[in-house]
Amino acid sequence: MNRLELEAQKAELAALAPELLERPKAETGPKELPPLPDAVEGNVVLRLAPYPSGPLHIGNARAFVLNDAYAKRYRGKLLLVFDDTIGSEEKPLLPEAFDQVKEGLDWAGVEYHEVLYKSDRIPIHYEWGERLIATGEAYVCECDAETLRRNRETALACVHRSQDVDETLAMWKAMLAGTYGEGEAVVRLKTDVAHPNPAFRDRVLFRVAEREHPRVGARYRVWPMLEFSWAVDDHLLGVTHVIRGKDLIMEDLMETRIWDLLEVARRPRFVHFGILRFKDLELSKSRYRREIAEGRLTGIDDPRTWSLQSLMRRGIRPAALREFVLSFGLSQSDIEVAAETLYAENRKRIDKDANRYFFVPEPVPIAIEGLPPVSSVKAPLHPDFPGRGERTLPVDGKVAVARADFEKFRGQEVRLKDFCNVRLDRPARFLSMENRDIPKIQWVDHGVTTVVLMPSGFESRGLAEPAVADLRVDTVVQFERVGFVRIDRVSRAEVRACFAHR
RNA sequence: GCUCCCGUAGUCUAGUGGCCAAGGAUAGAAGCCUCUCGAGCUUCUGACACGGGUUCAAAUCCCGUCGGGAGCACCA
């Protein structure tokens, strides 16, 4: 407030508390995550709970990166627990998703110490469910979904709520025995039918589903809901901290409520992070899955899915993804970030490694008149590291340049980079060899057919210099003035590359 | 509407009562360098949502307003 009297304030402070003036400047080290509440080094147990409806995508990154980072930081344990309860019609389980999820996590450098499946633990959930029913705090409700919803809206208790425990227990057995069909009975927790949050009014804990499960088939027809299965498993598995998105905040309250009723003492702490969104991107596993099935996307590594597999394919480094995600910290505010930020992080890592090559999209063949006899020229593999060597570009007087360059520079003097200066036209006229300060464009001679798959799904076709055909698959290179790409496939007929970013 | 959460530059973030006339990253601008529109170097633009309080001192604590978000499924 009193900026003008800063000196006066300092003087006063010196009188009041001189030590405050001498606090050392905080050192600006590498960014660290805030500590986890009550975390004890070596004693932290975290869990990752993917729902296997498809491969993990970039929108899931916050969950697995944070859990992994904290597990490592505290030298704790990270459990990979597939949350494969039966799901819903709209959100079905996908048998191949289990491996796809692991593949993505492995790529991302996530170290999980144990793999568990919810679907293996159903009998345990039954047992605890029965214990809960025995307390009288849960009941089997035969209302249909519509009635249930209406009652919830109007804060009304249904007749089932006041059944006695024995009757409920009998109904529960009947549920397990298969007396009830899908939608005919659920187990509900007595919270409060008039709870201010309607979502909280007597939540469903178990329901009947007759769908087949990809791992356990038709063995079970009664399936627990997320909050109940986690209340049981977080406790039994000794999870110390649940790090989850804040979209799951209500589940904390449910889990806590269940622990209270079952008198469970050992409970994890909850930590939440905000929703991560990408500008101009709407991520949805179920939608990608549908579009892949319809052939509108080419597969789980189609760049348009933003799956971890697709990032891998584009040459995004796992470390870049990790840094990118960690830079958001653990804040509860929702964030919307541009993919460009991830690219900047990745560019830092690949620029030094990526050798340079020429690629011309939409090639226009051009003969050069008056060219002195040359059979090849050399160009550095990387301009910043001359010691890395050179590549050889063969020349026989008929080059190809990009249509965009041709149209832009037609009739003007340009330099075919690392080669010669010409007046660009069809044909082009040779001018001189020496490097002049005029626009440089890329060119190829004896080019190899090359396709660059763009993030939009568009395939940019063109010609690359011959050396590109000798690159190993998985190499990340830069096509000059185009961008960084990862070599995806090399065959006699063509080279295919995936575009990473500029 | 109800419950809960969050508001620092275009975006993301540091900051937990004095070191902050607010630091970093990214994006943007200018220049240098470079046989790429990449990288590198230099410089610049740009923020504490608002209003009250508490205090010698507030981005930081309290209250209110405004704004944004999440959840409100027999999905996870």
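The sequence lines fix the lettering, A, B, ..., with proteins before strands; numbering per chain opens at 1.
- Annotation: B:U60 and B:G18 have their P atoms spaced 11 Å apart (nearest Å).
- The shortest distance between the side-chain N/O atoms of A:Arg207 and the OP1/OP2 oxygens of B:C75 is below 4.0 Å.
- Of all nucleotides listed (B:U26, B:A76, B:A39), B:A39 comes nearest to the side chain of A:Asp351.
- Taking atom CH2 of residue A:Trp223 and atom C1' of nucleotide B:A73, one finds them 18 Å apart after rounding to whole Å.
- Base pairing of B:C19: no nucleotide in any strand meets the Watson-Crick or G-U wobble criterion (both distances under 3.5 Å).
- Across B:A76, B:C12, B:G38, the shortest atom-to-atom separation from the side chain of A:Pro383 is found for B:G38.
- Electrostatic pairing of A:Lys348 and A:Glu345 counts as a salt bridge here, judged by a charged N lying under 4.0 Å from a carboxylate O.
- Closest contact between the side chain of A:Ala344 and the listed nucleotides B:A27, B:U36, B:C75 involves B:A27.
- Counting any heavy atom pair closer than 4.0 Å across all strands shown, A:Glu251 reaches a base atom.
- An OP1 or OP2 oxygen of B:A70 is reached within less than 4.0 angstrom by a side-chain nitrogen or oxygen of A:Arg277.
- Side-chain N/O atoms of A:Arg347 include one lying less than 4.0 angstrom from OP1 or OP2 on B:A39.
- Listed candidates were B:G71, B:U36, B:C6. Nearest to the side chain of A:Asp247 is B:G71.
- Annotation: cation-pi geometry satisfied between A:Arg215 and A:Tyr117 (NZ/CZ under 6.0 angstrom from ring centroid, within 45° of ring axis).
- Nearest nucleotide to the A:Lys440 side chain, out of B:C12, B:A73, B:U36: B:U36.
- Two residues are said to be in side-chain contact when any heavy atoms from C-beta on lie closer than 4.5 Å; A:Val101 and A:Phe82 meet this criterion.
- Look at NE2 on A:His195: it is 18 Å from P on B:G71, rounded to the nearest Å.
- Of the two residues contacting RNA chain B, namely A:Arg211 and A:Ile335, the nearest-nucleotide position lying further toward the 5' end is that of A:Ile335.
- For A:Ala338 and A:Trp230, each mapped to the nucleotide of RNA chain B holding its nearest heavy atom, the one lying further toward the 5' end belongs to A:Ala338.
- In this structure, of B:G71, B:G38, B:C74, it is B:C74 that holds the atom nearest to the side chain of A:Val186.
- Using Watson-Crick or G-U wobble geometry with both donor-acceptor distances under 3.5 Å, B:C33 finds no partner in any strand shown.
- Side-chain atoms of A:Ser88 lie closest to B:C75 of the nucleotides B:G71, B:C75, B:U11.
- Side-chain nitrogen and oxygen atoms of A:Ser331 include none within less than 4.0 Å of the OP1 or OP2 phosphate oxygen of B:C12.
- With A:Arg152 contributing its side chain and A:Arg201 its backbone, the two residues share a donor-acceptor pair below 3.5 Å.
- One interatomic measurement links the two molecules: CZ of A:Arg388 to C1' of B:A39, which rounds to 12 Å at whole-angstrom precision.
- A:Gly87 comes within 4.0 angstrom of sugar-phosphate atoms only, judged by non-hydrogen atoms across all strands, and of no base.
- With a cut-off of 3.5 Å on both Watson-Crick or G-U wobble distances, the partner of B:U26 is given as B:G10.
- At the heavy-atom level, A:Arg149 lies nowhere under 4.0 Å from the strands shown.
- Across all strands shown, nothing is found opposite B:A39 as a Watson-Crick or G-U wobble partner with both distances under 3.5 Å.
- Here B:U11 is the nucleotide among B:U11, B:U36, B:C74 with the atom lying nearest to any side-chain atom of A:Val337.
- A gap of 42 Å separates the C1' atoms of B:G1 and B:G24, to the nearest Å.
- Pairing partner, B:C4: B:G69, with both Watson-Crick or wobble hydrogen-bond distances short of 3.5 Å.
- Counting to the nearest Å, the P atom of B:C75 and the CD atom of A:Glu90 are 8 Å from each other.
- Contact annotation: A:Thr341 does not reach the phosphate of B:A25 (side-chain N/O to OP1 or OP2, under 4.0 Å).
- B:C61 is paired with B:G53 under the Watson-Crick or G-U wobble criterion, all donor-acceptor distances under 3.5 Å.
- Distance CG (A:Asp384) to C1' (B:C41): 12 Å, rounded to an integer number of Å.
- Taking atom C1' on both nucleotides, B:A59 is separated from B:G15 by 8 Å, rounded to a whole Å.
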- Message: side-chain contact (heavy atoms from CB on, under 4.5 Å), that's the test. Do A:Phe479 and A:Phe499 meet it? Break it down for me.
- Response: CA-CA 10 Å; A:Phe479 285 161; A:Phe499 187 82; over 6 Å; no

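- Proximity of A:Arg62 to the phosphate of B:C12: no side-chain N or O atom is located under 4.0 Å from OP1 or OP2.
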- Task: List the steps, then state whether side chain to side chain donor-acceptor pair (under 3.5 Å) holds for A:Asp38 with A:His241.
- Result: CA-CA 9 Å; A:Asp38 300 329; A:His241 301 265; over 6 Å; no

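- Annotation: side chain of A:Leu132 is in contact with side chain of A:Phe228 (closest heavy-atom distance under 4.5 Å).
- Here the separation of B:C50 from B:C66, taken at their P atoms, is 16 Å to the nearest Å.
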